[in-house]
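Every value quoted in this text rests on a predicted model; they were computed, and no experiment measured them. So you know, we letter chains A, B, ... as the sequences are listed, proteins then strands, and number each from 1.
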Amino acid sequence: MTKRFLVMLSVLVIASIALTACGAPPTEAPPPPAPAETEAPAATEAPAAVYEGTIKIATQSPLSGGQSSLGTAIKQGAELGLEQLGGPLRDMGFTLELAPYDDQANPDTGVANAKNIAADPEILCVIGHLNSGVALPSSEEYHTAGLAMISPANTNVAITDRGYPEVNRVVGRDDVQGAVGGQFALDQGWESAYVLHDKTAYGQGLAEFFRQKVEALGGTVLGFEGTEEKANFDPIITPIMASNPDVVFFGGIYDQIGVFGKQLREKGYEGALLAGDGADSSTHAEIAGDSLLAGAGTFYVAVAGPAKEYPRTAQFIEDYNAKFSMPPEPYSNQAYDSAGICLKAIEAAATAAGGMPTRADVAAAVRATQDYEGTTQTVDFNDKGDIIPTARYFIIKVISADPAEWANNELLAALDIAPE
Amino acid sequence: MAGNAVRSQGLLKTVREIVRPIGQLVLFSAGSALILSVIALILAFILDQTPVGDASQHTFKMNLLTFTAANLPQVVIDGLTIGFVYAAIALGYTMVYGVLEFINFAHSEVFAVGAFVGVELLIFMNQQGMLRGAPLGLAYLYLILAMAVGMLAAGLLAVGIERTAYRPLRGAPRLVPLISAIGVSFFLQDAIRLTESLATGDFHRIIPTFGNFDTRLSLGKVFIGTAPVNLGISIKSIIVIVAAVLMLVGLNYLVNATKIGKAIRAVAQDRPTASLMGINVNRIISLTFLIGGLLGGAAGVLFALKFTRIDPFVGFFPGLKAFTAAVLGGIGNITGALLGGIVLGMLETFAGAFMSSFTMGAAGAEYKDIFAFGVLILVLIFRPHGLMGEQVGQKA
Amino acid sequence: MISGAASLLRRWSAAALRGPGAYLLVGLHATIGTLLVYSSPRSAISFLILLSSLGTALAVKANAAFKLVVILLLALVVMPVLGMRNIFYLEILFQISVFAALALGLNIVVGFAGLLDLGYVAFYAVGAYLWAFFGSRQYYYLHTEAGTQTGTAPFLLPADTFYIFVFLGIIVAAITGILLGLPVLRLRGDYLAIVTLGFGEVIRVLANNLDRPLNFTNGPHGITPIQRPTIPHFFVDAFNGTFGGLVGKQVRDVDLYNVFFYLFALVVIAVIILVTRRLDDSKMGRAWTAIREDETAAIAMGIPLVRMKLAAFAAGASFAGAMGILFASNRTFVSPESFSFLQSIGVLTMVILGGVGSIPGVILGAAVVVILNLQVLQGLSLYLAALRQSEALIPILNFPWKSVPNQFDPAKYQRLVFGIILVLMMIFRPAGLIPAARRQRELAKDEGY
C-alpha cells in the first residue's frame, strides 16, 4: 500500500512539476518582447540615461465565469494602454510586460493572486479589480506590500475610505453617481421613482444613493427591489406597472438592463428608464433594440462621454476595435487610463530614482498624479485616492436603436462633482 | 367487422391520448391559478388590516386587496408562460429519471446547447439578410427551422453524453453517475464558452429581432379604482405555450400509444425482464436520452426567443427549477412534470410580484428563486413522491 | 522491457521505503527541497518538491518518532520561515489547510455516511458570518442601509474572543447541520443532493439579502473590517531574532499573521484528523458504513437511521464552521461571493479526486485542487500571456504565440478542469487516488444491468 502510494505521489509530483515547469516565472524562458510602436498621445524627449530591467504591470479581474466579458475588458484596456503609452519607459531601456491574473470573481483567488503579485518584485503597479468584494481583501495585501493599485471599476465607498496611500480609483464613487442620477431625475420633473438593482455591491450601492437623493429632494420612491434574475423580469414588472412611476432606475449592468428594458416596454411602460454607467455599452442597443426609444426614453449616467464629443474616446474605440475585434465594453477605457497613469508614475519615479524605482516610490508617484489627460477626463487624486477636484459625470440619452450609433447618443448634461 | 372495430379502437385511443393531456393541462392551469389567486386575495385581505395595508395605500394609492386583484390576471398569464417553459425543460429530466432512476444533471447544458445552436443559426441567417423584412409566414418558418436544428444538436449531444459518461457507469452505485453528471455539466458550460468565444469572439449571444414575436396582444383593460391595468400577452409567449403543449402532447402520445413507448415503459418498469422480452435495452436508453435532448433543445430555443439573451451559464438556474418542478409533480411522470412546471411557474411569479408589497419591502423579489427551493423542501417533507405520486410503470 | 523496469522500480522502492534507505530518502528529499526553496523563492517547482517531501516522510516505513520529528520540523519551522520569503506559499498552505478541513468534513457526509451534499459551503458560510458579525462593527450598523455606513462605531467584542468563537463556530455550525438535516434526511440519495444544493443557494441568497429589515450581513457589500486576534509583540521579536537572518528582512506584525493563521489552521486540521479517525473506528462509523451500503438492511439491524445521518451532517458541518471562523478572521472581510455553488463543487471534487472515505486521500485531493487552481492554471496562463507578448514561435508548428487566440487561457477554464476530473475519476477510478480499503470493494461494479 505504501509503495503504491509513493509511486502515485511521485507520478503526481512529476506531473505537477512538468506542468508547473511551463508555469515557471516568465523571466526564465521566453525571449524579450520586440519593442512596440509608440503611439503615445503625449510626446516625450529621449531620456538621457538608459536603464535595464523588466517592469510588469499586473491586472486582476475575472477572466472566467459569468462576468468574464467585463473582466476581459479591463485586461484588454490595460493591454492597449501598455502598448500605446509605454513608449517613454521602453525608450528608457526597460522591458514592459503585462501580467494578467484571473481572480475568478472570488475573494480567495483574488487574495492568493494578490500575494503572488506582491511576491513578484518586478510588478510595480496593479490595475484591478472588477468586484468590490474581491478588491477589498486584495487591496489589504497590496497595502501590506506597499504596491500601488488603481481601480478602474470599484465604486464601493469603503475602497478608499480606509485611507490607504496605495489604493486609488479612476471611477467615481457610488454615493456621487447615484446622487447625480437622483438630481437629474428631479430636474426632469420626475417625481416618483421605482428603484431596482442587481444585488451586487455596485448596483445596490448605486440604487441606495439614488434613492436617498430622490427622497432628500422631495420625490417619492415607490419601490426598492433587488434581483439577480437575468431573464425573466415579468413578476417584477407587474408591481412597477401598477404603481406607475415617472421613472424606473436600474442600478446594474447592461446585460440585465437591456433584457429588463425590453420586457418593460413590451408591457407598455411609458415613463423614463434611467441607469448608471453599467448601461454604457453598444451591446445594450443590440439587446434592447427599439425599446430604447419607447416611452419617455432611456437615459444613463456615464463616466465616459459619448465618443463624438470626445475625440480621445473615439480614437480609443477605434484602436480597441482594431486590436481585439470587438467593441470596448464598460471599464475598458478606465483600465486604459489606469495603465497610462501607472506608466507615467513609474516613469517619474524611475527618473527621480535614477534606475528601477521601488514600489513605495511608484505608489507615491501615482498618488501625486496631477492633470493626467485620460480618455474622458483629467485625473488628479485626492488624499484618499479618489478623483479631484471633480469627477465628471455625463447624463446621456439614447437616440438610436442601432448599436453602431451608440457613440452618437445625445449628451444632455456634463456635471463636475467633487467627492465628499 | 373485427378489423373495423380494432381500427376504430386504435383511432379512439389516439384521440384519447391527445385530448387527455390537453384536458389535464387546462385543469392544472385553471386549478392552480384559482387556488393561488384565492390564497393571495385572502392574504391581502388579512394584511390590509395591518400596517402593511397602510403602506400599500401610501405607495400605490389603493389598498392591498385592490392592488392584488388588479394585478392577478397579468400575474396568472405570466406565471403560465414561465410555467410552460419549466415544464418543457422538466420533460427531459423526467424521461431520463423514469427510465434510469438517475438525475441527468447535464440536461441543463443540453438545453443551453440547443439554445446556442438555434440562435447561432438565426444570427447567421440575419447576417445573410434573410430575416430583415421577411414576410410573416417565412419568419415562422425560420423559427421552426432554428428550433429543429437546435433540437437535433441537443438530442445528439444528449446521446453522446450518455454513451461516454453514463454508460460505463451503468452498474455502479447511485452516487457515481450522479457525480459524473455534475462533471459533465461543468465541463459543458466551459466547453460552450470556449467554442463560442473561438468561433464568434463573444459568448453572450442575442437573438435577432424578426417577425412579429415581440408584439403584444392586448387582452383588455382592468379598471380598479382610477388606474387602468393593461392585460396582454406577447406573441412569443403564445408561441412558447403552444410549442410546449405540442411537445407535451407529442411525448404523451409517443409514450402511451406507440410500440416504442411501450418499450420505454417496459424498460422503466423492469429492465432485466424487458431485455428478456427481446427489447434492446441500450437502444431504448439511448432513445430516451435522444427524446429528452430533443425536448430540451426545443425548450432552449423557446427560452432564447422569450428572453432574448443567452450565455453559457443560462442553463443552470432554469435547469434547477425545472428539476424542482419535475420532483414537485412526481418524477418519472410526464403529467407530473407538466403539473409541477405550471405550479412552480405560478408560485414563482406570484412570489415575485406580490412578496414585496406583502412584506412592506422587507423581503422582495430577491427571494423569488429560493421560494422555489422552499416549496421543493416542503413538498418533499410532506409528500416525498410529489403531487402526482410516483406510479411505477405508468407514465400518465 | 517495461516489466523489467517495473520490477526494478518495485525493488528500488522496496529498498528505499524500508530500513536505512528510508531515512536517507526522507532526509535527502527534505533537505534538497528546503535548499531549493531558499535559493529561488519564487519557483513553483522547488515549492512542490518541498511539499512532496512531507508526503515521502509519511509514506516510508521508519521509526515513528523520526517521522514525527521530520514532519513537525518541516511544517512548523521550515515552511513558516521560507514562507516569509514568499508569502504566496503561506497563502497556498493556508488555503490547502482550509479546504482540506472542508474536504474532511464533506468526507464524513459523503464518504462515511454516503449522503451526497451539494450545498456544503452553507456551513462554511455560517461559521464565517458568525465571526464576521460578532467580531466587527456590524452590530452597531444593524439599522443602517447596506453600504452606507460612515464614521466609525466601536467593535462589538475584543479581538481575542476569536478563540472562543472557534468553539462557538463548531457548535453553531453543528446546530445548523442538524436543522438543515432534519427535514431532508428521509429522502433518497439523489433527491437529497438536489435539496442540499438548494440549501446552499438559500444560504448564499440569505447572506446577500439579510440587509433588510435589519442589517445582519450588509448584503453584497460584505462585512469589513473583521478583527484578528492579537499577536504578542515578544513573539514577533523572537521570530525576527531567531530567523531574521534566514528570512532576509525584518518581519512586521502584519506579515506574521500569515504564519499565525497557517499554524492555527494546522492545529485545527490535526484535531479534525484525530476526530475523524476516532469516528471512523467507532460504533457510529460502522453504523454509517452500514447505512451507506444498504439502508434497508441497516434499519433491519436496528440502526437509528435518522439519528446517525444527523450525526454525520452535524460532524461534517462543525468542521466547516470552525474553518469559516478562521477564514473570516484571516481575510478580515466576508462577502456572499465566497460561498457559491462552484465552491461546493470544488470541495466535492477534492473529495472525489482524493478518495471518498479516505483521510489521506481527501487531504491529497485538497492539495492537488488548490495547487492546480492557484498555481498551475494561473502559472500556465501567465506564461502564455508572456509568450503572447513576445515574438516567440510554437515549436514544430512554427505558429507565432502572438496569434494564439485570447480564449485559450488555461486559468479561465476552472470549471472545465473540475468537470473533466469528476467524470474521468468516476469512470476510471471511482475510489479516488488514495482509496480507503472498504470503498474499493464497494465501488467495484456489479454485473449485468
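Between B:Tyr166 and C:Met426 the shortest side-chain heavy-atom distance does not fall below 4.5 Å. In this structure, B:Phe317 and C:Glu201 have side chains that are in contact, with non-hydrogen atoms separated by less than 4.5 Å. Contact annotation: the side chain of C:Ile194 never approaches that of B:Val327 to less than 4.5 Å [non-hydrogen atoms, C-beta and beyond]. Side-chain contact between B:Phe187 and C:Leu422 is absent, with no heavy atoms from C-beta onward closer than 4.5 Å. At least one side-chain heavy atom of C:Leu118 sits less than 4.5 Å from a side-chain heavy atom of B:Phe105. The shortest side-chain heavy-atom distance between C:Val205 and B:Asp369 does not fall under the 4.5 Å cut-off.
With a threshold of 4.5 angstrom between heavy atoms, B:Ile179 approaches chain C through its backbone and through its side chain. In this structure, the portion of C:Leu197 lying under 4.5 Å from any heavy atom of chain B is its side chain and not its backbone. With a threshold of 4.5 angstrom between heavy atoms, B:Phe373 approaches chain C through side-chain atoms but not through N, CA, C or O. At a 4.5 Å heavy-atom cutoff, the contact between C:Ile345 and chain B is made by side-chain atoms alone.
Ring pair C:Phe341/B:Phe186 is tilted by interplanar angle, where 30° to 60° counts as tilted.
Distance check, rounded to the nearest 0.5 Å: CD1 of B:Ile182 to CZ of C:Phe418 gives 13.0 Å. Here the CG-CG distance, from C:Leu416 to B:Leu188, works out to 9.0 Å after rounding to the nearest 0.5 Å. Interatomic distance, CG of C:Asn209 versus CD1 of B:Ile370, reported as 7.0 Å (0.5 Å rounding).
No more than 12 heavy atoms of other residues, nucleotides or ligands shown are found within 6.0 angstrom of CZ on B:Arg163.
Looking at every heavy atom in both residues, B:Thr164 comes nearest to C:Ile427 through O-CD1, 3.4 Å. Heavy-atom minimum distance, C:Val423 versus B:Ala165: CG1-CB, 4.2 Å.
By the side-chain contact (heavy atoms from CB on, under 4.5 Å) test, C:Ile203 pairs with C:Ala122, C:Ala125, sequence neighbours left out.
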